[in-house]
Amino acid sequence: MSENTNGHEKHITSYTTYFLVWVALMILTFITVYISYFDFGQLNIAVAMFVASIKAGAVALFFMHLKFEDPITWLYALFPIGLLFLLIGMTILDTFTRIFPI
């Protein structure tokens with residue numbers, strides 16, 4: 001019985017895996033708090049976002065079961081991230097064009 005009635009393959013994640021992911025998330029949370037005491041200059045936000053991205057990826061892969069989904073679901077999951085980067089890029093472009101008024 002590897003498939004259910006909808007044709008999707010079943011996946012079972014063990015409690016050990018969930019526990020290890022939870023431990024990793026806790027460690028990354030402590031790292032986030034720890035690095036907040038350091039001054040990386042203009043990279044403060046980049047470093048914090050990098051750690052947060054790792055945590056978000058772990059949650060999406062294991063707790064939201066994205067790891068076991070088909071490519072079209074991955075496309076739906078990654079599309080908003082592309083829109084986010086587009087929005088950030090346009091905001092940065094707008095900010096830099098305000099320096100040189102037309």
Side-chain angles (χ1 to χ4, degrees):
M1 292 212 51
S2 64
E3 294 188 13
N4 63 12
T5 57
N6 294 332
H8 292 104
E9 188 174 323
K10 288 184 177 180
H11 58 272
I12 299 173
T13 305
S14 67
Y15 289 119
T16 305
T17 302
Y18 285 130
F19 180 74
L20 292 176
V21 172
W22 178 78
V23 169
L25 289 172
M26 290 297 109
I27 291 171
L28 287 169
T29 300
F30 287 122
I31 289 173
T32 301
V33 172
Y34 184 71
I35 63 173
S36 70
Y37 293 105
F38 293 99
D39 185 20
F40 295 104
Q42 294 184 352
L43 295 177
N44 283 339
I45 293 176
V47 170
M49 291 301 291
F50 177 72
V51 176
S53 298
I54 293 172
K55 291 192 299 187
V59 169
L61 285 175
F62 293 99
F63 292 113
M64 297 173 70
H65 301 268
L66 194 58
K67 180 180 178 184
F68 306 103
E69 294 297 332
D70 56 351
I72 192 71
T73 305
W74 274 90
L75 181 67
Y76 286 128
L78 294 178
F79 184 71
I81 295 173
L83 289 178
L84 175 66
F85 283 118
L86 180 67
L87 180 66
I88 291 172
M90 292 180 77
T91 302
I92 289 172
L93 185 66
D94 181 50
T95 302
F96 285 131
T97 56
R98 289 181 184 191
I99 295 173
F100 306 108
I102 297 175

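All heavy atoms count here, side chains included; hydrogens, waters and symmetry mates do not. Only a predicted model underlies this, so the values are computations on that prediction, with no experimental measurement involved.
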Donor-acceptor contacts, no H, no angles, side chain residues 26-38, under 3.5 Å, sequence neighbours left out:
unit_1: Thr29; atom_1: OG1; unit_2: Leu25; atom_2: O; d: 2.8
unit_1: Thr32; atom_1: OG1; unit_2: Leu28; atom_2: O; d: 2.8
unit_1: Ser36; atom_1: OG; unit_2: Val33; atom_2: O; d: 2.5

Following the transitive rule for hydrophobic clusters with a side-chain heavy-atom cut-off under 4.5 Å over Ile, Leu, Val, Met, Phe, Trp and Tyr, establish whether [X] and [Y] coincide in one cluster.
{"X": "Phe68", "Y": "Met64", "result": "no"}
{"X": "Phe79", "Y": "Phe85", "result": "no"}
{"X": "Val59", "Y": "Phe19", "result": "no"}
{"X": "Leu75", "Y": "Ile81", "result": "no"}

Mind checking the CG-CG spacing from Leu83 to Leu78? Nearest 0.5 Å is all I need. 11.5 Å
The reported gap from CD1 in Ile12 to OG1 in Thr17 (rounded to nearest 0.5 angstrom) is 12.0 Å
All side chain to side chain donor-acceptor pair (under 3.5 Å) counterparts of Thr13, not counting sequence neighbours: none
Going by the rule side chain to side chain donor-acceptor pair (under 3.5 Å), which residues pair with Thr91 if we only count those two or more places apart in sequence or in a different chain? none
Check the surroundings of atom CG in Leu86: do more than 12 heavy atoms from other residues, nucleotides or ligands lie under 6.0 Å from it? yes
Applying ring pair (Phe, Tyr, Trp, His ring centres under 6.0 Å), name anything that partners Phe40, two or more places apart in sequence or on another chain. none
Ring pair (Phe, Tyr, Trp, His ring centres under 6.0 Å) with Phe63: which residues, sequence neighbours excluded? Tyr18
Mind checking what makes side chain to side chain contact (heavy atoms under 4.5 Å, CB included) contact with Leu61, not counting sequence neighbours? Lys67, Trp74
